[in-house]
Amino acid sequence: MAASMREKIRGCAGVITAPSGAAVRVLSMEAVRAIADQSGAGRRDIEIAALEEGIIPLRYQRNAGTIGIEGQLKLRRARVAVVGAGGLGGTIIELLARLGIGTLVVIDRDVFSEDNLNRQILSTEDAIGRPKVEVAAGRVARVNSAVGVVAHHTVVDRGNIDSLIQGCDVVIDALDSIPTRLLVQEAATRINIPFVHGAIAGFLGEVMTVFPGDRGLMALYGDGQGAAGGLELRLGTPSVTPSLVAAFQVMEAVKLILGTGAPLRHRLLCIDLLEGSISDVKMEPRS
Amino acid sequence: MRITVQTVSDLRHHFGGREISIELTGATVKDLLDYLKRTYGYDFLAEEHTMLFLNGKGGIRDLEELHEGDHVALVPIMAAG
């Protein structure tokens with residue numbers, strides 16, 4: 001079965017001239033679908049097999065210059081948890097799907113409401129009242145049907161968080177609750193995966209990557225007990241800010257999966273969109 | 001002693017820059033906060049959503065000792081997602 005699938009992939013592959021001028025072997029979306037229908041294999045598995053043959057699924061061709069075939073394979077094999085599918089989470093999910101992450105584990109307890117429409121990319125007028133994870137899964141299926149989505153419409157708590165994110169390579173914090181953030185960071189440490197924090201308030205944002213054993217959010221929020229929120233209580237959360245912070249968070253996840261670049265470890269990246277400035281604050285490495 | 005105060009995001013408006021260098025006569029964080037209030041009109045203790053980091057460490061108490069070359073960062077708390 002596997003050998004015949006690879007034969008089909010090689011047979012269906014075409015050659016295009018990339019913008020760089022290089023000739024590259026590609027596999028179209030239609031070909032992936034046809035091979036999936038004929039072989040019964042999943043679209044993700046077909047794309048992985050193609051990449052292993054040095055054939056780039058056409059949808060990722062514009063990734064190739066920076067990510068490369070080996071990098072795209074790492075992304076296709078990765079499993080990423082996104083906790084929260086609102087302002088940050090919606091954009092994070094969209095970007096991860098377009099990058100070709102293998103599986104997205106999306107966790108959110110909420111449904112869309114009218115006051116989400118100003119900033120949450122997955123919220124639309126006809127989605128009001130629908131669970132955010134359900135809308136997210138539908139969006140990913142339309143953007144990239146070769147990405148698996150495991151949707152959990154549930155409240156995150158101490159009793160379920162470990163099992164929800166188990167098996168993931170990285171967990172991304174798109175939450176709006178300080179105590180829940182701390183709980184997810186603790187779980188990431190227990191199961192030994194990195195945790196990418198992001199938060200926004202007004203036109204301000206912050207990003208930090210926390211490795212297992214790092215003090216991370218404990219340095220920011222202490223034990224977090226009784227913390228009702230931050231500046232967003234006064235400044236609100238207009239559009240623009242979540243998109244920028246979400247992009248930084250996705251880039252952190254990409255760096256971790258590819259094993260390249262410099263993660264924002266022991267550094268809190270602080271973004272001020274009004275000033276157009278970014279600075280970082282050094283954080284204590286260990287507790 | 002000379003210490004550095006880093007201010008990020010909109011907090012820098014209080015100080016006219018991202019980083020200020022201060023010659024402080026006192027010896028504790030409280031002395032620094034008094035100086036910032038007296039000189040810049042910035043009352044950290046009245047700010048509900050600001051954190052203070054001393055050499056990258058949060059949860060600092062008023063009576064924490066300062067030393068020559070210390071780095072203090074004032075960072076707004078944000079929590080929306």
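Values below: all heavy atoms of this structure, side chains included; hydrogens, waters and symmetry mates excluded. Below, read A as the first sequence line, B as the second, and so on, with proteins coming before strands; counting in each chain starts at 1.
- Interface residue Leu175(A): only backbone heavy atoms are found under 4.5 Å from chain B.
- Around CD of Glu65(B), the count of heavy atoms belonging to other residues, nucleotides or ligands within 6.0 Å does not exceed 12.
- You'll find the side chain of Val8(B) reaches within 4.5 Å of the side chain of Val281(A), heavy atoms only.
- For the pair Pro76(B) and Leu231(A), the tightest heavy-atom approach, listed with the atom from each and the gap, is CB-CD1, 3.4 Å.
- Separating the CD1 atom in Ile77(B) from the CG atom in Leu233(A) is a distance of 10.5 Å, to the nearest 0.5 Å.
- Around atom NZ of Lys255(A), more than 12 heavy atoms belonging to other residues, nucleotides or ligands sit under 6.0 Å away.
- Interatomic distance, NE2 of His49(B) versus CZ of Arg234(A), reported as 8.5 Å (0.5 Å rounding).
- Contact of the Glu206(A) side chain with the Met78(B) side chain is registered, since non-hydrogen atoms from C-beta on lie closer than 4.5 Å.
- Side-chain contact between Glu284(A) and Asn55(B) is absent, with no heavy atoms from C-beta onward closer than 4.5 Å.
- Chosen from Gly84(A), Pro242(A), Gly205(A), the residue pairing most often with chain B at heavy-atom distances under 4.5 Å is Gly205(A).
- Heavy-atom distances place both the backbone and the side chain of Leu220(A) under 4.5 Å from chain B.
- Residue Glu125(A) qualifies as open at atom CD: its count of foreign heavy atoms under 6.0 Å is 12 or below.
- In this structure, Leu268(A) and Val75(B) have side chains that are in contact, with non-hydrogen atoms separated by less than 4.5 Å.
- Between the side chain of Arg181(A) and the main chain of Ala79(B), a donor-acceptor pair closer than 3.5 Å is present.
- Counting heavy atoms of neighbouring residues, nucleotides and ligands inside a 6.0 Å radius, atom CD of Glu48(B) does not exceed 12 of them.
- Only the side chain of Ser279(A) comes within contact range of chain B, with at least one heavy atom under 4.5 Å from a heavy atom of that chain.
- Proximity of a side-chain donor or acceptor of Gln6(B) to a complementary backbone N or O of Asp280(A) within less than 3.5 Å is detected.
- Atom CZ of Arg267(A) sits in a crowded spot, with more than 12 heavy atoms from other residues, nucleotides or ligands closer than 6.0 Å.
- Neither the backbone nor the side chain of Thr241(A) has a heavy atom closer than 4.5 Å to any heavy atom of chain B.
- Atom CD1 of Ile121(A) has 12 or fewer neighbouring heavy atoms from other residues, nucleotides or ligands inside a 6.0 Å radius.
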